[in-house]
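First the structure, in the form of structure tokens, and then the observations on it.
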Amino acid sequence: PDSAARLLRQQAADGIGRVIPVLHTSDVDCAGFPDVKTGDSVSGLAGPLIYHFDQFKLVHQTSGDLRVTAVPFPPLPAPLQPGLGQFSVATVNLENHFDAIDDTGDDAEPKPDPADIGLKQAKLAAAIGQTLGCPTLVGIQEVENAALLTSLAEELAATCGFVYDVTHRESADVRGIDLALLSDPNRVQVLAVALRQTCTDIRTGIVDATAVCPTGQSPLFSRPPLQVDVTIDGVAHTVYVNHFKSKVGGEAETEPQRLAHAAHVRALVEAQLAAHPTARLLVLGDMNDYELSPTLQTLTADGRLLNVLAQIPLPQRYSYVYGGVGQLIDAVLASPALAEGLTAVTIQHVNADYPDSLGRDVGPEGLPYKSTDHDLPLAIFALPGAPEAGLTVPQATPMVAATAESGGGNGLWVMGGVGVVGTAVLLVVLVARRRQAR
């Protein structure tokens with residue numbers, strides 16, 4: 001296969017054997033390793049090849065030998081804008097957006113410097129206001145409290161022309177990350193809000209004072225789905241904002257919780273559709289699982305919900321890069337009555353392909369990039385009675401692999417570059433240009 005083709009993982013069974021993680025020779029100081037983005041080429045890599053956790057890895061020895069040929073930044077994607085009788089929806093994982101106050105006394109709670117919080121707010125304001133074009137609804141994951149969102153909404157006023165309403169509830173998450181919904185007050189009226197917790201036979205270890213579980217059961221969610229009933233231009237909709245269990249602790253070990261999460265949300269949706277078959281329902285957020293995983297299949301079985309992001313061409317259908325492999329772990333799911341009105345859908349690829357160092361760059365060129373570690377799904381739906389319009393699926397400008405420097409024969413194309421975080425050992429993930437097997 002073409003070595004410049006992006007590697008995507010749609011399900012756990014998809015192989016990633018072409019990926020070679022590159023490790024720094026020191027696990028203490030990664031100084032000297034370059035910041036790279038998808039499409040850049042690197043030469044001068046040399047070191048022993050090891051086999052670790054079911055994967056070959058190269059331990060690079062001398063950072064001074066590295067040579068990077070960077071490709072230009074692609075043109076920034078223009079935001080989709082709703083037309084007459086339409087509204088826009090986005091989902092954004094804010095990647096551990098915390099304030100500087102120590103609420104828990106626990107090292108697990110991030111405590112960013114106030115200056116870093118200001119940079120983060122500026123990046124997020126650019127992401128929502130410019131890259132996403134001030135969507136009507138924005139589902140939020142990984143935010144510590146409503147105050148951060150209120151400040152963000154105020155910062156967005158100059159760009160959007162309005163101050164978003166913030167709908168937020170505190171969850172039982174041990175680190176304090178919550179779910180929320182931002183809504184355009186000129187078009188959206190919030191009618192009711194609830195966290196939809198439930199209990200399970202799975203021993204989750206979650207402590208939630210709001211959950212009353214039978215003996216032997218535990219609360220299912222550390223971050224229960226946030227159900228928000230709204231009207232948009234007077235038309236009733238229900239939004240479920242989600243952040244399912246992560247794979248920390250093992251993919252197979254954590255899958256039962258994600259499956260239980262999906263079953264619970266599906267039951268909520270089925271109950272509404274049973275009472276109102278034409279209900280306009282949105283289920284969105286960070287599902288922490290692959291596009292074709294059992295988790296997503298549980299949600300979309302029998303057409304109860306349709307994953308509108310599946311309309312995007314496969315090469316662009318990813319929202320996260322893990323270990324150099326693109327995957328769609330975020331979702332925008334719509335009930336049939338709502339999905340019929342899908343008029344446009346895209347994923348704004350301004351985060352996952354770029355190094356973490358851009359997360360602090362608020363200059364004119366760097367501001368739109370790396371506001372978070374997830375890319376930005378965006379969909380537009382028509383309201384009942386709106387003029388008919390064909391489906392628009394913008395084609396993203398691909399990053400073209402730079403030509404490897406001649407002479408060394410060891411040029412590698414960066415498939416998912418990440419910057420150094422603290423003393424992290426993993427720097428970048430590269431795809432080798434393999435010789436055809438003989």
Side-chain angles (χ1 to χ4, degrees), residues 1-9 14-73 95 247-248 251 318 320-327 329 349 351-361 369-370 373-375 398-437:
D2 180 6
S3 63
R6 174 181 295 279
L7 284 175
L8 296 174
R9 197 171 196 178
D14 290 342
I16 55 171
R18 292 170 58 205
V19 175
I20 304 175
V22 178
L23 310 183
H24 195 282
T25 187
S26 167
D27 61 357
V28 176
D29 181 7
C30 295
F33 263 36
D35 287 323
V36 291
K37 63 183 179 298
T38 295
D40 293 349
S41 65
V42 180
S43 62
L45 287 164
L49 191 66
I50 65 172
Y51 191 73
H52 181 246
F53 282 107
D54 300 322
Q55 199 170 25
F56 285 103
K57 301 176 183 180
L58 187 149
V59 184
H60 182 67
Q61 299 300 297
T62 308
S63 298
D65 294 337
L66 292 176
R67 295 180 299 277
V68 176
T69 303
V71 296
F73 283 64
E95 190 187 7
K247 295 179 181 177
V248 174
E251 187 168 324
Y318 65 96
Y320 191 75
V321 174
Y322 179 77
V325 180
Q327 45 190 267
I329 66 172
H349 295 298
N351 293 324
D353 291 320
Y354 297 91
D356 287 348
S357 59
L358 285 174
R360 298 178 54 83
D361 186 345
Y369 299 100
K370 208 62 179 185
D373 55 349
H374 288 240
D375 282 330
M399 288 186 175
V400 180
T403 303
E405 296 184 20
S406 61
N410 59 346
L412 300 177
W413 186 55
V414 179
M415 285 295 292
V418 297
V420 178
V421 182
T423 58
V425 177
L426 180 63
L427 169 73
V428 296
V429 179
L430 308 171
V431 175
R433 291 188 170 89
R434 290 182 169 179
R435 295 182 178 178
Q436 185 174 1

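Small disclaimer: the values here were computed from a predicted structure and weren't measured.
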Test ring-ring contact (aromatic ring centres under 6.0 Å, His included) applied to Y369 - qualifying residues, sequence neighbours left out: F73, Y354

Rounded to the nearest 0.5 Å, what's the gap from [atom1] on [X] to [atom2] on [Y]? Could you check?
{"X": "H374", "Y": "I329", "atom1": "NE2", "atom2": "CD1", "value": "4.5 Å"}
{"X": "L49", "Y": "K57", "atom1": "CG", "atom2": "NZ", "value": "11.5 Å"}
{"X": "Q61", "Y": "T25", "atom1": "CD", "atom2": "OG1", "value": "4.0 Å"}

Where do [X] and [Y] come nearest, in terms of heavy atoms and distance?
{"X": "D40", "Y": "V71", "result": "OD1-N, 3.0 Å"}
{"X": "L58", "Y": "I20", "result": "N-CG2, 4.1 Å"}
{"X": "H24", "Y": "V59", "result": "O-CG1, 4.1 Å"}
{"X": "A70", "Y": "K37", "result": "CB-NZ, 3.9 Å"}
{"X": "V36", "Y": "V42", "result": "CG1-CG2, 4.3 Å"}
{"X": "Q327", "Y": "Y322", "result": "NE2-CB, 3.7 Å"}

D375 side chain vs A352 backbone, donor-acceptor pair below 3.5 Å: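 Side chain of D375 to backbone of A352: a pair is present.
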
Side-chain donor/acceptor of K370 to backbone N/O of N351, under 3.5 Å: yes

Pairing residues for E251 by the side-chain hydrogen bond (donor to acceptor under 3.5 Å, both in side chains) criterion, not counting sequence neighbours: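 So E251 forms a side-chain hydrogen bond (donor to acceptor under 3.5 Å, both in side chains) with Y290.
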
All side chain to side chain contact (heavy atoms under 4.5 Å, CB included) counterparts of D14, not counting sequence neighbours: R9, Q10, Q11

